[in-house]
Amino acid sequence: MSGLYRLLFTKLQLPSPSAIQGKTILITGANTGLGREAARHALALDASTVILGVRSLSKGEEAKINIESSTGCTDQGKVLVWSIDLESFSSLQAFAAQALRYVEDGGRLDIVIMNAGIASVEYNVTPDGWERGLQVNVLSTALLSLKLLPLLLRTKELEPSSRPHLTILTSDIHKLITFPERTEKAILTSLTNEEQWKSSQRLGGATERYGVTKLMDLFIAIELARLVPRDDLGNPLVIVNAVAPGFCKSDLLTREKAPWVLKLVQALIARTVEEGSKTLLHAVDQGIETHGRWLDNQVVADPGSMVTSPEAVIVREKVWREIVTILRDVDAEVRTEY
Ligand SMILES: NC(=O)c1ccc[n+]([C@@H]2O[C@H](COP(=O)([O-])OP(=O)(O)OC[C@H]3O[C@@H](n4cnc5c(N)ncnc54)[C@H](OP(=O)(O)O)[C@@H]3O)[C@@H](O)[C@H]2O)c1
């Protein structure tokens with residue numbers, strides 16, 4: 001109930017322009033929804049460059065025109081559109097290589113917002129062999145974060161006064177899940193099994209699996225925060241945090257066959273994406289007190305027992321070990337230690 005109250009009555013804030021001015025921000029899934037609105041806010045707050053990571057270049061170009069015209073931006077080089085498909089590890093690797101070339105050619109990366117995500121309610125397996133939601137929301141989010149972290153560290157190295165950020169989109173829906181697979185020997189393999197998918201849909205309903213992937217996004221943020229190197233004072237060189245934007249009126253549910261009740265509730269009480277996306281910009285302006293932490297309604301919040309209980313910590317570490325093992329097979333160069 002208190003969550004609903006906060007959703008309806010919290011007035012969200014944008015950071016001051018000085019937090020974003022002159023920075024290069026990369027946002028995945030930026031052709032629509034929260035990602036596009038965050039990109040629009042970033043441009044309005046005078047980011048030097050906004051990189052839209054999109055799986056359809058034509059949709060990305062449309063979003064670019066839309067953002068430029070609404071912000072009055074006439075500088076053609078400010079909004080870049082790069083192709084990425086989180087259903088494909090090789091697409092991710094090509095995207096990461098493009099980011100590396102960009103930085104080597106004199107560009108910089110200050111902020112990465114891992115926003116792209118799906119709430120799939122139908123069982124599908126990607127060409128890489130993983131359940132679609134698991135690959136997009138979890139494995140690809142982890143892989144891309146690991147590939148881009150060195151570029152954020154490079155920014156810090158070249159400009160010690162800078163404060164690079166990596167922010168991962170989560171939700172509060174993880175508080176409602178049952179997640180029976182957490183006791184399995186191979187959790188991610190179990191989550192890709194079709195029979196297990198059907199069983200968990202019966203047990204936990206349509207939002208169960210989406211909630212599990214969003215829990216894992218929080219796990220990823222915590223684990224990434226643990227591996228970020230620190231300066232002599234013990235401060236992380238890149239701030240990694242997780243953000244929940246609250247229930248927002250995006251296409252997340254309408255593009256999937258989500259239950260009509262959920263869509264009705266969304267229509268009645270959810271935030272606009274313009275409002276919800278302020279949480280993304282806020283998260284990338286926060287300090288070390290948010291490193292490895294969860295921001296809900298723009299404050300560091302308790303993510304609940306699925307994250308903090310002693311059993312949850314064991315599950316988190318196991319999930320992370322599984323993710324790292326899978327990703328090392330995909331990409332031998334992926335760096336999971338500093
Ligand atoms: N809306 C909410 O209430 C809510 C609440 C909590 C958390 N979130 C999180 O917020 C993030 C953004 O969601 P949204 O609400 O803005 O949803 P959305 O409107 O459906 O936008 C999702 C974005 O992700 C992109 N995407 C999906 N699959 C992709 C793939 N395989 N490769 C590359 N991009 C892909 C989509 O691109 P296409 O247009 O090409 O499909 C789109 O740009 C998600 O991570 C979601 O879990 C949303």
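Starting from 1, each residue takes its place in the sequence as its number. Note that this is a predicted model, so its numbers are computed, not measured. Every number for a ligand or one of its atoms is a count from 1 in the order of the listing. Worth knowing before you read on, the calculation uses all heavy atoms, side chains too, and leaves out hydrogens, waters and symmetry mates.
- The shortest N or O to N or O distance between Gly29 and ligand 1 is below 3.5 Å.
- Side-chain heavy atoms closer than 4.5 Å link hydrophobic residues (I, L, V, M, F, W, Y) into clusters, and following such links, possibly through other members, connects Leu148 to Val138.
- Residue Leu34 has at least one N or O atom closer than 3.5 Å to an N or O atom of ligand 1.
- Checked against side chain to side chain contact (heavy atoms under 4.5 Å, CB included), Asp302 has the following partners two or more places apart in sequence or in another chain: Thr308.
- Neither the backbone nor the side chain of Lys249 has any atom closer than 4.0 Å to an atom of ligand 1 (non-hydrogen atoms only).
- Atom 37 (O) of ligand 1 has its closest protein heavy atom at Asn31 OD1, 3.4 Å.
- Closest to atom 7 (C) of ligand 1 among all protein heavy atoms lies Thr170 O, 3.0 Å.
- With sequence neighbours excluded, the residues forming a salt bridge (charged side-chain N to carboxylate O under 4.0 Å, His left out) with Glu317 are Arg226, listed by chain and number.
- No part of Gln266 comes within 4.0 Å of ligand 1, judged by heavy-atom distances.
- Annotation: Val54 places no N or O atom under 3.5 Å from an N or O atom of ligand 1; distance criterion only.
- The protein atom (non-hydrogen) at minimum distance from atom 19 (O) of ligand 1 is Asp251 N, 3.3 Å.
- Close approach of ligand 1 to Gly246 is summarised as follows: ligand atoms under 4.0 Å from at least one heavy atom of the residue are 2 (C), 3 (O), 4 (C), 5 (C).
- Of all atoms in ligand 1, numbered sequentially from 1 with element shown, those under 4.0 Å from a heavy atom of Leu86 are 30 (C), 31 (N), 32 (N), 33 (C).
- One finds the OG1 atom of Thr49 at 10.0 Å from the CG atom of Leu109 (value rounded to the nearest 0.5 Å).
- Of the heavy atoms in Pro245, only side-chain atoms (C-beta onward) come closer than 4.0 Å to ligand 1.
- Considering backbone and side-chain atoms together, Ser56 places no N or O closer than 3.5 Å to any N or O of ligand 1.
- Residue Gln21 qualifies as enclosed at atom CD: its count of foreign heavy atoms under 6.0 Å is above 12.
- Of the listed residues (Ala270, Ala38, Ser250), the one carrying the non-hydrogen atom nearest atom 17 (O) of ligand 1 is Ser250.
- Proximity of Thr279 to Leu12: side-chain heavy atoms (C-beta onward) are separated by under 4.5 Å at one or more points.
- With hydrogens and angles disregarded, no donor-acceptor distance shorter than 3.5 Å links the side chain of Ser88 to the backbone of Asp85.
- Of all the atoms in ligand 1, the ones that sit under 4.0 Å from a non-hydrogen atom of Phe247 are 3 (O).
- Judged by distance alone, the side chain of Lys78 and the main-chain N or O of Val50 form no donor-acceptor pair under 3.5 Å.
- In this structure, Gly276 has no heavy atom closer than 4.0 Å to ligand 1.
- Residue Arg163 qualifies as enclosed at atom CZ: its count of foreign heavy atoms under 6.0 Å is above 12.
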side-chain hydrogen bond (donor to acceptor under 3.5 Å, both in side chains) assessment of Gln286 paired with Asn241: CA-CA 9 Å; Gln286 297 307 294; Asn241 56 28; over 6 Å; no

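- Proximity of a side-chain donor or acceptor of Ser250 to a complementary backbone N or O of Val273 within less than 3.5 Å is not detected.
- For ligand 1 and Thr32, the ligand atoms under 4.0 Å from any heavy atom of the residue are 19 (O), 21 (O), 39 (O), 42 (C), 43 (O).
- Close contacts between ligand 1 and Ile118 involve ligand atoms 27 (C), 28 (N) [criterion: under 4.0 Å to a heavy atom].
- Ligand 1 places these atoms under 4.0 Å from at least one heavy atom of Ile84: 32 (N), 33 (C).
- The shortest N or O to N or O distance between Leu252 and ligand 1 is below 3.5 Å.
- Of the protein's heavy atoms, Asn115 O, 3.1 Å lies nearest to atom 44 (C) of ligand 1.
- Closest to atom 47 (O) of ligand 1 among all protein heavy atoms lies Tyr210 OH, 2.6 Å.
- If you check which protein heavy atom lies closest to atom 22 (C) of ligand 1, you get Gly117 O, 3.7 Å.
- Within ligand 1, counting atoms from 1 as listed, the ones closer than 4.0 Å to a heavy atom of Asp85 are 30 (C), 31 (N), 32 (N).
- Between Lys278 and Gln298 there is a side-chain heavy-atom pair separated by less than 4.5 Å.
- Of the protein's non-hydrogen atoms, the one nearest atom 18 (P) of ligand 1 is Arg255 NH2, 3.7 Å.
- With hydrogens left out, the protein atom closest to atom 26 (N) of ligand 1 is Ala116 CB, 4.0 Å, a heavy atom.
- Considering only heavy atoms from C-beta on, Thr207 stays 4.5 Å or farther from Leu176 through its side chain.
- Annotation: Ser171 places no N or O atom under 3.5 Å from an N or O atom of ligand 1; distance criterion only.
- Two rings, from Trp82 and Phe95, have their centers less than 6.0 Å apart.
- Heavy-atom contacts from other residues, nucleotides or ligands closer than 6.0 Å to CD of Glu289 number more than 12.
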